[in-house]
Amino acid sequence: MASSPLLVEDRQVPLDATSDPPGVFDGTTRLYISYTCPFAQRVWITRNLKGLQEKIKLVPIDLPNRPAWFKEKVNPANKVPALEHNGTIIGESIDLIKYVDSNFDGPSLYPEDPEKREFGEDLLKYVDTTLVKIVFASFKGDPAKDTASVFDHVENALQKFDDGPFFLGELSLVDVAYITFIQRFQVFLGEVFKYDITAGRPKLAAWIEEMDKMVAYTQSKTDSEYIINFFKKFM
Ligand SMILES: N[C@@H](CCC(=O)N[C@@H](CS)C(=O)NCC(=O)O)C(=O)O
């Protein structure tokens, strides 16, 4: 299992419409994020887990008041996460966590075992195409009922490999891809709907507990109050 580096970084003030751009394409590797974006958080955690705090510079952006140069010079899609590396910009969080894992030093976050890799690919597809969509849609309905199939899917997936508490046994990119949304859904559904997503799901409860031991992840968390207020817009 990859160990979490102990380095906890101070948060910088996000760049906004009044900020000058960094020296884009000057050879520095930069990860553009928003501190509150669950997609960007996946890449941030991957960078931390691999111990790349010195090699990949974090550039937080104030998305609601983002600088014009972000779209013009950095990411034409105008979204975070975006990674500036070797003269190019790469986006899309799932592609990016794989890219960072394969193209930088640090412990590997994807097992070699073909069975685990195949299962991992299915799970990496499922999270954004199914889980996130169904849970968001449930905010307008009855989450305890409407989300049962997806959280049961997660519970069952966590039972497949018994050589560790993580989706593929050992810690991998799959855990990183899921935790940023699962944490938010746990907070929001618990607070607003009084629905505990871990009730009757011991593997899910144990997995969240295990993830909470990793400073590479915990230092990237968004606070509960922000999550609750933001997700209320989707009700
Ligand atoms: N599919 C993308 C989604 C990225 C995304 O939607 N990022 C949001 C912030 S959480 C964003 O940049 N939104 C800005 C906008 O859409 O204008 C990924 O996985 O990276």
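Note that ligands are numbered from 1 as they come in the structure, with each ligand's atoms numbered from 1 the same way.
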Would you call [X] and [Y] a salt bridge, taking side-chain N to carboxylate O under 4.0 Å as the test?
X	Y	answer
Lys79	Glu92	no
Asp101	Arg47	no
Lys73	Glu84	no

Less than 4.0 Å from some atom of ligand 1, heavy atoms are found in residues Cys37, Phe39, Leu63, Arg66, Asn78, Lys79, Val80, Pro81, Glu92, Ser93

Hits for side chain to side chain contact (heavy atoms under 4.5 Å, CB included) against Thr36, two or more places apart or cross-chain, chain-then-number order -> Ser34, Thr222, Tyr226

Residue list, side chain to side chain contact (heavy atoms under 4.5 Å, CB included) with Lys133, at least two apart or on another chain: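 Per chain and number, Lys133 pairs via side chain to side chain contact (heavy atoms under 4.5 Å, CB included) with no residue.
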
task: Name all residues meeting the side-chain hydrogen bond (donor to acceptor under 3.5 Å, both in side chains) criterion together with Arg66; count only those two or more places apart in sequence or in a different chain, and write none if there are none.
output: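 For Arg66 there are no side-chain hydrogen bond (donor to acceptor under 3.5 Å, both in side chains) partners, ignoring immediate neighbours.
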
